[in-house]
Enquirer: 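Dropping the structure in here first, questions after.
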Amino acid sequence: MAPEMTKIHPLIVRIAHWINALAVLIMITSGWRIYNSDPLFDFAFPDQVTLGGWLAGALQWHFAAMWLFALNGMVYVTYGILSGHFRRKLLPVSPRAVLRDVASALRGKLAHDDLTVYNAAQRAAYLALILLLIVLVLTGLVLWKPVQFYWYGQFMGDYEGARFLHFFAMAGVGLIVVVHVAMVALVPRTFPSMFTGKIRT
Amino acid sequence: MKRMGASFEKFRTAEVKRMERRLFLKQGLSLGALAMLTGCAITEEEGVQMVLARMSGWNDDVQAWLFNPNRLAPEFPESRITNPFPFNAYYSEEEVIDVDGGQYKLELGGMIKERKPWTLPELYALPQVSQVTRHVCVEGWSAIGKWTGVRFSDFLQRVGADTTAKYVGFQCLDDYSTSIDMATALHPQTQLTFKFVDQILPPKYGFPMKLRMPTKLGFKSPKHIASIFVTNQYPGGYWEDKGYNWFSGS
(Lines give C-alpha, C1' and ligand atoms only; values in the text may rest on other atoms or scores of the structure.)
Protein backbone atom coordinates (compact mmCIF):
# COMPACT_ATOMS: atom_id res chain seq x y z
CA MET A 1 0.00 0.00 0.00
CA ALA A 2 1.36 3.41 -0.89
CA PRO A 3 2.18 5.61 2.08
CA GLU A 4 -0.45 8.21 2.72
CA MET A 5 -0.07 11.53 4.49
CA THR A 6 -2.59 12.06 7.23
CA LYS A 7 -3.18 15.41 8.85
CA ILE A 8 -2.76 15.09 12.61
CA HIS A 9 -2.08 18.63 13.86
CA PRO A 10 -4.32 21.53 12.78
CA LEU A 11 -2.47 24.73 11.85
CA ILE A 12 -3.72 26.63 14.90
CA VAL A 13 -2.37 23.90 17.21
CA ARG A 14 1.03 23.95 15.50
CA ILE A 15 1.32 27.74 15.79
CA ALA A 16 0.13 27.70 19.40
CA HIS A 17 2.59 24.89 20.19
CA TRP A 18 5.66 26.80 19.00
CA ILE A 19 4.60 30.12 20.53
CA ASN A 20 3.97 28.26 23.76
CA ALA A 21 7.35 26.53 23.58
CA LEU A 22 9.10 29.91 23.26
CA ALA A 23 6.95 31.60 25.92
CA VAL A 24 7.38 28.76 28.44
CA LEU A 25 11.14 28.72 27.82
CA ILE A 26 11.31 32.45 28.59
CA MET A 27 8.99 32.16 31.59
CA ILE A 28 10.94 29.26 33.14
CA THR A 29 14.46 30.61 32.56
CA SER A 30 13.55 34.11 33.77
CA GLY A 31 11.56 32.55 36.62
CA TRP A 32 14.67 30.67 37.78
CA ARG A 33 16.52 33.98 38.04
CA ILE A 34 13.67 35.46 40.07
CA TYR A 35 13.68 32.34 42.29
CA ASN A 36 17.43 32.81 42.86
CA SER A 37 16.91 36.23 44.44
CA ASP A 38 15.13 34.55 47.35
CA PRO A 39 15.29 30.73 47.03
CA LEU A 40 12.47 28.72 48.61
CA PHE A 41 14.75 25.73 49.04
CA ASP A 42 18.37 25.06 49.75
CA PHE A 43 19.48 25.41 46.15
CA ALA A 44 19.69 27.97 43.37
CA PHE A 45 19.64 27.60 39.60
CA PRO A 46 22.98 28.14 37.84
CA ASP A 47 22.98 31.73 36.55
CA GLN A 48 24.19 30.49 33.15
CA VAL A 49 20.86 28.80 32.43
CA THR A 50 18.77 31.76 33.54
CA LEU A 51 17.46 34.71 31.57
CA GLY A 52 17.64 38.41 32.37
CA GLY A 53 21.12 38.89 33.83
CA TRP A 54 19.84 40.16 37.16
CA LEU A 55 16.57 40.37 39.06
CA ALA A 56 15.18 43.46 37.29
CA GLY A 57 16.04 42.04 33.86
CA ALA A 58 14.49 38.68 34.72
CA LEU A 59 11.31 40.39 35.98
CA GLN A 60 11.10 42.38 32.75
CA TRP A 61 11.32 39.20 30.67
CA HIS A 62 8.87 37.37 32.94
CA PHE A 63 6.24 40.11 32.90
CA ALA A 64 6.62 40.67 29.15
CA ALA A 65 6.47 37.00 28.13
CA MET A 66 3.51 36.38 30.44
CA TRP A 67 1.30 38.20 27.94
CA LEU A 68 2.50 36.06 25.06
CA PHE A 69 2.07 32.93 27.19
CA ALA A 70 -1.38 33.78 28.54
CA LEU A 71 -2.91 35.13 25.31
CA ASN A 72 -1.57 32.21 23.27
CA GLY A 73 -2.81 29.79 25.93
CA MET A 74 -6.27 31.34 25.89
CA VAL A 75 -6.51 30.98 22.10
CA TYR A 76 -5.35 27.36 22.31
CA VAL A 77 -7.65 26.32 25.17
CA THR A 78 -10.65 28.10 23.63
CA TYR A 79 -9.98 26.38 20.31
CA GLY A 80 -9.38 23.04 22.01
CA ILE A 81 -12.69 23.13 23.83
CA LEU A 82 -14.93 24.68 21.17
CA SER A 83 -13.60 22.66 18.22
CA GLY A 84 -13.74 19.37 20.07
CA HIS A 85 -9.96 18.97 19.59
CA PHE A 86 -9.43 18.17 23.28
CA ARG A 87 -12.35 15.73 23.37
CA ARG A 88 -11.16 13.91 20.24
CA LYS A 89 -7.44 13.79 21.05
CA LEU A 90 -7.18 13.74 24.84
CA LEU A 91 -10.35 12.00 26.04
CA PRO A 92 -11.30 9.60 27.41
CA VAL A 93 -8.42 8.88 29.72
CA SER A 94 -8.77 6.31 32.51
CA PRO A 95 -6.23 5.97 35.33
CA ARG A 96 -5.97 2.24 34.65
CA ALA A 97 -5.13 2.75 31.00
CA VAL A 98 -2.54 5.38 31.96
CA LEU A 99 -0.84 3.00 34.42
CA ARG A 100 -0.88 0.22 31.84
CA ASP A 101 0.64 2.39 29.11
CA VAL A 102 3.26 3.91 31.41
CA ALA A 103 4.25 0.43 32.61
CA SER A 104 4.60 -0.91 29.08
CA ALA A 105 6.47 2.24 28.00
CA LEU A 106 8.98 1.69 30.80
CA ARG A 107 9.47 -1.87 29.56
CA GLY A 108 10.07 -0.43 26.10
CA LYS A 109 7.01 -2.15 24.69
CA LEU A 110 4.58 0.69 24.19
CA ALA A 111 3.22 0.47 20.68
CA HIS A 112 3.49 3.80 18.87
CA ASP A 113 2.52 2.70 15.38
CA ASP A 114 -0.56 4.79 14.91
CA LEU A 115 0.59 8.34 15.44
CA THR A 116 -2.88 9.70 14.73
CA VAL A 117 -4.10 8.47 18.11
CA TYR A 118 -2.55 9.40 21.47
CA ASN A 119 -2.07 6.53 23.91
CA ALA A 120 -3.32 6.91 27.48
CA ALA A 121 0.08 7.99 28.84
CA GLN A 122 0.30 10.76 26.23
CA ARG A 123 -3.25 11.91 26.94
CA ALA A 124 -2.55 12.05 30.66
CA ALA A 125 0.72 13.94 30.11
CA TYR A 126 -0.79 16.53 27.75
CA LEU A 127 -3.83 17.05 29.99
CA ALA A 128 -1.57 17.40 33.04
CA LEU A 129 0.59 19.90 31.14
CA ILE A 130 -2.42 22.04 30.22
CA LEU A 131 -3.67 21.96 33.82
CA LEU A 132 -0.23 22.80 35.26
CA LEU A 133 0.13 25.75 32.89
CA ILE A 134 -3.28 27.01 34.03
CA VAL A 135 -2.16 26.58 37.67
CA LEU A 136 0.93 28.66 36.82
CA VAL A 137 -1.25 31.48 35.50
CA LEU A 138 -3.57 31.41 38.53
CA THR A 139 -0.78 31.27 41.13
CA GLY A 140 1.18 33.81 39.11
CA LEU A 141 -1.70 36.30 39.32
CA VAL A 142 -1.70 36.00 43.13
CA LEU A 143 2.09 36.52 43.25
CA TRP A 144 1.83 39.51 40.93
CA LYS A 145 -1.12 41.15 42.72
CA PRO A 146 -1.55 39.60 46.18
CA VAL A 147 -3.73 42.50 47.35
CA GLN A 148 -5.92 42.98 44.26
CA PHE A 149 -6.45 39.20 43.94
CA TYR A 150 -6.42 38.53 47.69
CA TRP A 151 -9.87 36.92 47.70
CA TYR A 152 -8.96 34.10 45.40
CA GLY A 153 -5.43 33.78 46.75
CA GLN A 154 -7.16 32.31 49.80
CA PHE A 155 -7.77 29.14 47.79
CA MET A 156 -4.03 28.56 47.45
CA GLY A 157 -2.61 29.51 50.83
CA ASP A 158 -2.35 33.23 50.11
CA TYR A 159 0.87 34.81 48.82
CA GLU A 160 3.30 32.41 50.49
CA GLY A 161 1.26 29.35 49.48
CA ALA A 162 1.11 30.62 45.89
CA ARG A 163 4.92 30.88 45.82
CA PHE A 164 5.28 27.16 46.55
CA LEU A 165 2.47 26.11 44.20
CA HIS A 166 3.97 28.28 41.43
CA PHE A 167 7.31 26.56 41.96
CA PHE A 168 5.89 23.00 42.03
CA ALA A 169 3.76 23.62 38.94
CA MET A 170 6.92 24.85 37.16
CA ALA A 171 8.73 21.67 38.26
CA GLY A 172 5.85 19.57 36.91
CA VAL A 173 5.95 21.40 33.57
CA GLY A 174 9.74 20.94 33.43
CA LEU A 175 9.42 17.20 34.03
CA ILE A 176 6.74 16.77 31.36
CA VAL A 177 8.77 18.82 28.86
CA VAL A 178 11.88 16.67 29.48
CA VAL A 179 9.90 13.45 28.92
CA HIS A 180 8.16 14.99 25.89
CA VAL A 181 11.43 15.99 24.24
CA ALA A 182 12.95 12.59 25.07
CA MET A 183 9.99 10.83 23.44
CA VAL A 184 10.32 12.98 20.31
CA ALA A 185 14.00 11.98 20.18
CA LEU A 186 12.96 8.31 20.43
CA VAL A 187 10.28 8.65 17.72
CA PRO A 188 11.89 11.32 15.52
CA ARG A 189 9.33 11.18 12.71
CA THR A 190 6.86 12.95 15.01
CA PHE A 191 9.08 16.04 14.95
CA PRO A 192 8.50 17.32 11.37
CA SER A 193 4.77 16.75 11.79
CA MET A 194 4.71 19.57 14.33
CA PHE A 195 5.67 21.88 11.43
CA THR A 196 3.86 20.29 8.49
CA GLY A 197 0.90 18.96 10.42
CA LYS A 198 1.04 15.72 8.41
CA ILE A 199 2.44 12.29 9.08
CA ARG A 200 2.99 9.21 6.93
CA THR A 201 0.51 6.51 7.83
CA MET B 1 9.02 73.44 42.88
CA LYS B 2 12.17 74.55 41.09
CA ARG B 3 14.31 73.98 44.13
CA MET B 4 12.89 70.53 44.86
CA GLY B 5 13.15 69.56 41.23
CA ALA B 6 16.76 70.71 41.14
CA SER B 7 17.77 68.79 44.25
CA PHE B 8 16.13 65.70 42.83
CA GLU B 9 17.60 66.12 39.38
CA LYS B 10 21.16 66.43 40.59
CA PHE B 11 21.20 62.65 40.98
CA ARG B 12 19.88 62.07 37.51
CA THR B 13 21.93 64.10 35.08
CA ALA B 14 21.97 63.04 31.45
CA GLU B 15 25.42 61.53 31.95
CA VAL B 16 24.26 59.46 34.91
CA LYS B 17 21.26 58.29 32.94
CA ARG B 18 23.51 57.24 30.07
CA MET B 19 25.82 55.40 32.45
CA GLU B 20 22.93 53.66 34.13
CA ARG B 21 21.55 52.65 30.79
CA ARG B 22 24.88 51.28 29.59
CA LEU B 23 25.27 49.35 32.83
CA PHE B 24 21.75 48.03 32.52
CA LEU B 25 22.32 46.93 28.93
CA LYS B 26 25.50 45.17 29.90
CA GLN B 27 23.89 43.33 32.77
CA GLY B 28 20.54 42.90 31.14
CA LEU B 29 21.27 40.07 28.80
CA SER B 30 22.61 36.83 30.22
CA LEU B 31 24.06 33.86 28.38
CA GLY B 32 20.61 32.31 28.44
CA ALA B 33 19.20 35.21 26.48
CA LEU B 34 22.13 35.20 24.08
CA ALA B 35 21.70 31.47 23.54
CA MET B 36 18.08 32.03 22.70
CA LEU B 37 18.83 34.88 20.38
CA THR B 38 21.67 33.21 18.54
CA GLY B 39 22.40 34.99 15.34
CA CYS B 40 21.34 38.33 16.71
CA ALA B 41 24.03 40.97 16.61
CA ILE B 42 24.89 42.73 19.85
CA THR B 43 23.33 45.91 18.46
CA GLU B 44 19.99 44.15 18.57
CA GLU B 45 20.41 43.94 22.32
CA GLU B 46 19.23 47.53 22.46
CA GLY B 47 16.16 46.60 20.47
CA VAL B 48 15.35 43.80 22.91
CA GLN B 49 15.82 46.16 25.86
CA MET B 50 13.56 48.69 24.21
CA VAL B 51 10.79 46.12 23.77
CA LEU B 52 11.18 45.02 27.40
CA ALA B 53 11.05 48.64 28.61
CA ARG B 54 7.92 49.26 26.53
CA MET B 55 6.29 46.15 27.99
CA SER B 56 7.17 47.40 31.47
CA GLY B 57 5.42 50.68 30.61
CA TRP B 58 2.40 48.75 29.36
CA ASN B 59 2.40 46.79 32.63
CA ASP B 60 2.36 50.13 34.51
CA ASP B 61 -0.87 51.00 32.68
CA VAL B 62 -2.41 47.60 33.35
CA GLN B 63 -1.54 47.81 37.05
CA ALA B 64 -3.00 51.33 37.33
CA TRP B 65 -6.19 49.93 35.79
CA LEU B 66 -6.21 46.90 38.12
CA PHE B 67 -5.57 49.05 41.19
CA ASN B 68 -8.77 49.48 43.16
CA PRO B 69 -8.48 52.64 45.29
CA ASN B 70 -11.02 51.25 47.76
CA ARG B 71 -9.64 47.74 48.15
CA LEU B 72 -7.77 47.41 51.43
CA ALA B 73 -4.76 45.18 51.87
CA PRO B 74 -5.46 42.43 54.42
CA GLU B 75 -4.71 43.20 58.07
CA PHE B 76 -3.26 40.54 60.37
CA PRO B 77 -3.30 39.92 64.12
CA GLU B 78 -0.24 41.29 65.94
CA SER B 79 0.73 37.71 66.82
CA ARG B 80 1.72 37.25 63.18
CA ILE B 81 4.25 40.09 63.09
CA THR B 82 7.55 38.82 61.66
CA ASN B 83 10.35 38.99 64.21
CA PRO B 84 13.03 39.92 63.41
CA PHE B 85 11.69 41.96 60.52
CA PRO B 86 14.14 41.83 57.57
CA PHE B 87 16.34 44.81 56.75
CA ASN B 88 16.61 45.73 53.08
CA ALA B 89 18.12 48.68 51.21
CA TYR B 90 20.49 49.33 48.32
CA TYR B 91 23.31 49.30 50.90
CA SER B 92 24.19 47.01 53.81
CA GLU B 93 22.89 47.31 57.34
CA GLU B 94 26.25 48.68 58.56
CA GLU B 95 25.85 51.66 56.24
CA VAL B 96 22.49 52.77 57.63
CA ILE B 97 22.54 56.54 58.17
CA ASP B 98 22.04 58.21 61.52
CA VAL B 99 19.66 61.15 61.23
CA ASP B 100 19.64 63.88 63.89
CA GLY B 101 15.94 64.12 64.80
CA GLY B 102 16.39 67.53 66.42
CA GLN B 103 17.76 69.06 63.22
CA TYR B 104 15.38 67.19 60.95
CA LYS B 105 12.98 69.05 58.69
CA LEU B 106 10.69 67.51 56.08
CA GLU B 107 10.69 69.69 52.97
CA LEU B 108 7.79 69.98 50.56
CA GLY B 109 7.81 71.04 46.96
CA GLY B 110 6.06 71.01 43.62
CA MET B 111 2.31 71.37 43.30
CA ILE B 112 1.74 71.95 47.03
CA LYS B 113 0.23 75.15 48.47
CA GLU B 114 1.80 75.24 51.93
CA ARG B 115 5.42 74.40 51.46
CA LYS B 116 6.76 75.25 54.87
CA PRO B 117 9.16 72.58 56.21
CA TRP B 118 7.88 70.32 59.01
CA THR B 119 9.82 69.51 62.18
CA LEU B 120 9.46 66.14 63.88
CA PRO B 121 7.39 67.41 66.86
CA GLU B 122 5.00 69.06 64.39
CA LEU B 123 4.64 65.82 62.46
CA TYR B 124 4.23 63.72 65.63
CA ALA B 125 1.36 66.02 66.71
CA LEU B 126 -0.76 64.98 63.71
CA PRO B 127 -3.52 62.34 64.20
CA GLN B 128 -2.07 58.86 63.71
CA VAL B 129 -3.33 55.42 62.72
CA SER B 130 -1.83 51.91 62.88
CA GLN B 131 -1.86 48.95 60.53
CA VAL B 132 -0.62 45.36 60.69
CA THR B 133 -0.04 44.50 57.07
CA ARG B 134 2.19 42.43 54.85
CA HIS B 135 5.28 43.81 53.17
CA VAL B 136 6.07 42.02 49.89
CA CYS B 137 9.59 42.38 48.54
CA VAL B 138 10.39 42.38 44.82
CA GLU B 139 12.86 39.59 45.64
CA GLY B 140 9.96 37.33 46.59
CA TRP B 141 9.94 37.19 50.39
CA SER B 142 7.22 38.71 52.50
CA ALA B 143 7.00 39.80 56.14
CA ILE B 144 4.28 41.16 58.39
CA GLY B 145 4.85 44.32 60.44
CA LYS B 146 3.00 46.98 62.38
CA TRP B 147 3.34 50.58 61.27
CA THR B 148 2.00 53.76 62.87
CA GLY B 149 1.80 57.24 61.39
CA VAL B 150 -0.26 59.82 59.54
CA ARG B 151 -2.58 58.77 56.77
CA PHE B 152 -0.76 60.13 53.73
CA SER B 153 -3.94 61.37 52.04
CA ASP B 154 -4.73 63.42 55.20
CA PHE B 155 -1.26 64.92 55.10
CA LEU B 156 -1.50 65.77 51.39
CA GLN B 157 -4.84 67.48 51.96
CA ARG B 158 -3.54 69.35 55.02
CA VAL B 159 -0.65 70.88 53.05
CA GLY B 160 -2.85 71.65 50.06
CA ALA B 161 -1.31 69.26 47.57
CA ASP B 162 -2.83 69.24 44.11
CA THR B 163 -4.27 65.72 44.18
CA THR B 164 -5.16 65.91 40.49
CA ALA B 165 -1.43 65.74 39.70
CA LYS B 166 -0.02 62.47 38.43
CA TYR B 167 2.93 61.76 40.69
CA VAL B 168 4.27 62.12 44.20
CA GLY B 169 8.08 61.98 44.35
CA PHE B 170 10.37 61.33 47.28
CA GLN B 171 13.99 62.28 47.83
CA CYS B 172 15.70 60.63 50.78
CA LEU B 173 18.56 61.43 53.13
CA ASP B 174 20.28 58.17 52.11
CA ASP B 175 20.27 59.39 48.47
CA TYR B 176 17.46 57.02 47.61
CA SER B 177 14.57 58.28 45.54
CA THR B 178 11.29 56.94 44.26
CA SER B 179 7.89 58.09 43.03
CA ILE B 180 4.33 56.81 43.10
CA ASP B 181 1.03 57.38 41.32
CA MET B 182 -1.46 59.77 42.94
CA ALA B 183 -4.13 57.04 43.25
CA THR B 184 -1.85 55.00 45.51
CA ALA B 185 -0.76 58.14 47.40
CA LEU B 186 -4.43 58.71 48.30
CA HIS B 187 -5.13 55.06 49.23
CA PRO B 188 -6.44 54.86 52.84
CA GLN B 189 -3.58 52.56 53.91
CA THR B 190 -0.79 54.67 52.46
CA GLN B 191 0.92 56.05 55.54
CA LEU B 192 3.62 58.50 56.50
CA THR B 193 5.15 56.27 59.12
CA PHE B 194 6.87 57.24 62.40
CA LYS B 195 6.73 53.99 64.34
CA PHE B 196 7.45 50.32 63.79
CA VAL B 197 5.76 47.92 66.25
CA ASP B 198 4.92 50.84 68.59
CA GLN B 199 8.53 52.07 68.79
CA ILE B 200 9.94 55.18 67.11
CA LEU B 201 11.32 53.94 63.76
CA PRO B 202 14.84 52.64 64.34
CA PRO B 203 17.45 53.91 61.83
CA LYS B 204 17.45 50.63 59.88
CA TYR B 205 13.71 50.94 59.18
CA GLY B 206 13.99 54.56 58.08
CA PHE B 207 14.19 57.05 61.01
CA PRO B 208 12.72 59.59 61.22
CA MET B 209 10.10 58.73 58.64
CA LYS B 210 9.23 56.34 55.85
CA LEU B 211 6.26 55.87 53.55
CA ARG B 212 4.35 52.64 54.12
CA MET B 213 2.22 51.23 51.28
CA PRO B 214 0.76 47.72 51.64
CA THR B 215 -0.44 48.02 48.03
CA LYS B 216 3.06 48.24 46.56
CA LEU B 217 6.28 46.25 46.63
CA GLY B 218 8.71 47.13 49.41
CA PHE B 219 11.26 49.05 47.32
CA LYS B 220 8.57 51.63 46.48
CA SER B 221 8.56 52.69 50.15
CA PRO B 222 11.18 55.41 50.68
CA LYS B 223 12.95 55.55 54.07
CA HIS B 224 14.64 58.58 55.74
CA ILE B 225 12.44 60.89 53.64
CA ALA B 226 14.01 64.33 53.11
CA SER B 227 11.48 65.86 50.75
CA ILE B 228 8.14 65.15 49.15
CA PHE B 229 7.06 66.78 45.90
CA VAL B 230 3.96 66.65 43.74
CA THR B 231 4.42 66.82 39.98
CA ASN B 232 3.04 65.92 36.58
CA GLN B 233 6.51 65.11 35.25
CA TYR B 234 7.52 61.47 35.65
CA PRO B 235 10.16 61.52 38.40
CA GLY B 236 11.48 57.94 38.13
CA GLY B 237 13.49 56.61 41.05
CA TYR B 238 16.67 54.87 42.17
CA TRP B 239 15.67 51.30 41.24
CA GLU B 240 13.09 52.29 38.64
CA ASP B 241 15.79 54.02 36.56
CA LYS B 242 17.80 50.80 36.63
CA GLY B 243 14.97 48.72 35.19
CA TYR B 244 12.60 47.77 38.00
CA ASN B 245 8.96 48.19 37.09
CA TRP B 246 7.75 51.64 38.13
CA PHE B 247 4.19 50.93 39.32
CA SER B 248 5.12 47.72 41.18
CA GLY B 249 1.69 47.38 42.76
CA SER B 250 0.63 44.38 44.76
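Sequence lines set the chain letters: A, B, ... in the order given, protein chains first and strands last, and positions in each chain run from 1.
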Enquirer: Examine whether an atom of A:Tyr150 lies under 4.5 Å from a heavy atom of chain B, and if so say whether it belongs to the side chain, the backbone or both; otherwise answer neither.
Expert: side chain

Enquirer: Can you tell me how far CG of B:Leu52 sits from NE2 of A:His62, rounded to the nearest 0.5 angstrom?
Expert: 13.5 Å

Enquirer: Can you tell which of B:Leu72, B:Asn59, B:Val51, B:Leu217 has the highest number of heavy-atom pairs within less than 4.5 Å of chain A?
Expert: B:Asn59

Enquirer: Quick check for you: among B:Met55, B:Glu139, B:Gln63, which has the greatest number of heavy-atom pairs under 4.5 Å with chain A?
Expert: B:Glu139

Enquirer: Locate the shortest heavy-atom distance separating A:Leu55 from B:Val138; write the atom from each residue and the value.
Expert: CD2-O, 4.0 Å

Enquirer: Please confirm whether the backbone N or O of B:Ala53 pairs with a side-chain atom of A:Gln60, one donor and one acceptor, at under 3.5 Å?
Expert: no

Enquirer: Within a 6.0 Å radius of atom CH2 on B:Trp58, are there more than 12 heavy atoms belonging to other residues, nucleotides or ligands?
Expert: no

Enquirer: At a heavy-atom separation under 4.5 Å, does A:Asn36 approach chain B through its side chain, its backbone, both, or neither?
Expert: neither

Enquirer: With respect to chain B, which residue among A:Trp67, A:Phe63, A:Phe149 yields the maximal number of heavy-atom pairs within a distance under 4.5 Å?
Expert: A:Trp67

Enquirer: On the 0 to 90° scale, with breaks at 30° and 60°, tag the A:Trp54-B:Tyr244 ring pair as parallel, tilted or perpendicular.
Expert: perpendicular

Enquirer: Counting only non-hydrogen atoms closer than 4.5 Å, does B:Asn245 touch chain A with its backbone (N, CA, C, O), its side chain (CB onward), both, or neither?
Expert: neither

Enquirer: To the nearest 0.5 Å, tell me how far B:Arg134 CZ sits from A:Glu160 CD.
Expert: 7.0 Å

Enquirer: Answer with side chain, backbone, both or neither: which region of B:Arg54 has an atom nearer than 4.5 Å to a non-hydrogen atom of chain A?
Expert: neither

Enquirer: Mind checking whether B:Val62 and A:Trp144 have side chains closer than 4.5 Å, heavy atoms only?
Expert: yes

Enquirer: If you count every heavy atom of other residues, nucleotides or ligands that lies below 6.0 Å from A:Lys89 atom NZ, does the total exceed 12?
Expert: yes

Enquirer: Near A:Phe191 CZ, under 6.0 Å, is it more than 12 heavy atoms from other residues, nucleotides or ligands?
Expert: no

Enquirer: Got a sec, which residues hit side chain to side chain contact (heavy atoms under 4.5 Å, CB included) with B:Glu75, two or more places apart in sequence or on another chain?
Expert: B:Gln131, B:Val132, B:Thr133, B:Gln189

Enquirer: Can you name the nearest heavy-atom pair linking B:Cys137 to A:Tyr159, along with the distance?
Expert: O-OH, 4.4 Å

Enquirer: Using non-hydrogen atoms and a 4.5 Å limit, figure out which bit of A:Tyr35 sits close to chain B: side chain, backbone, both or neither.
Expert: neither

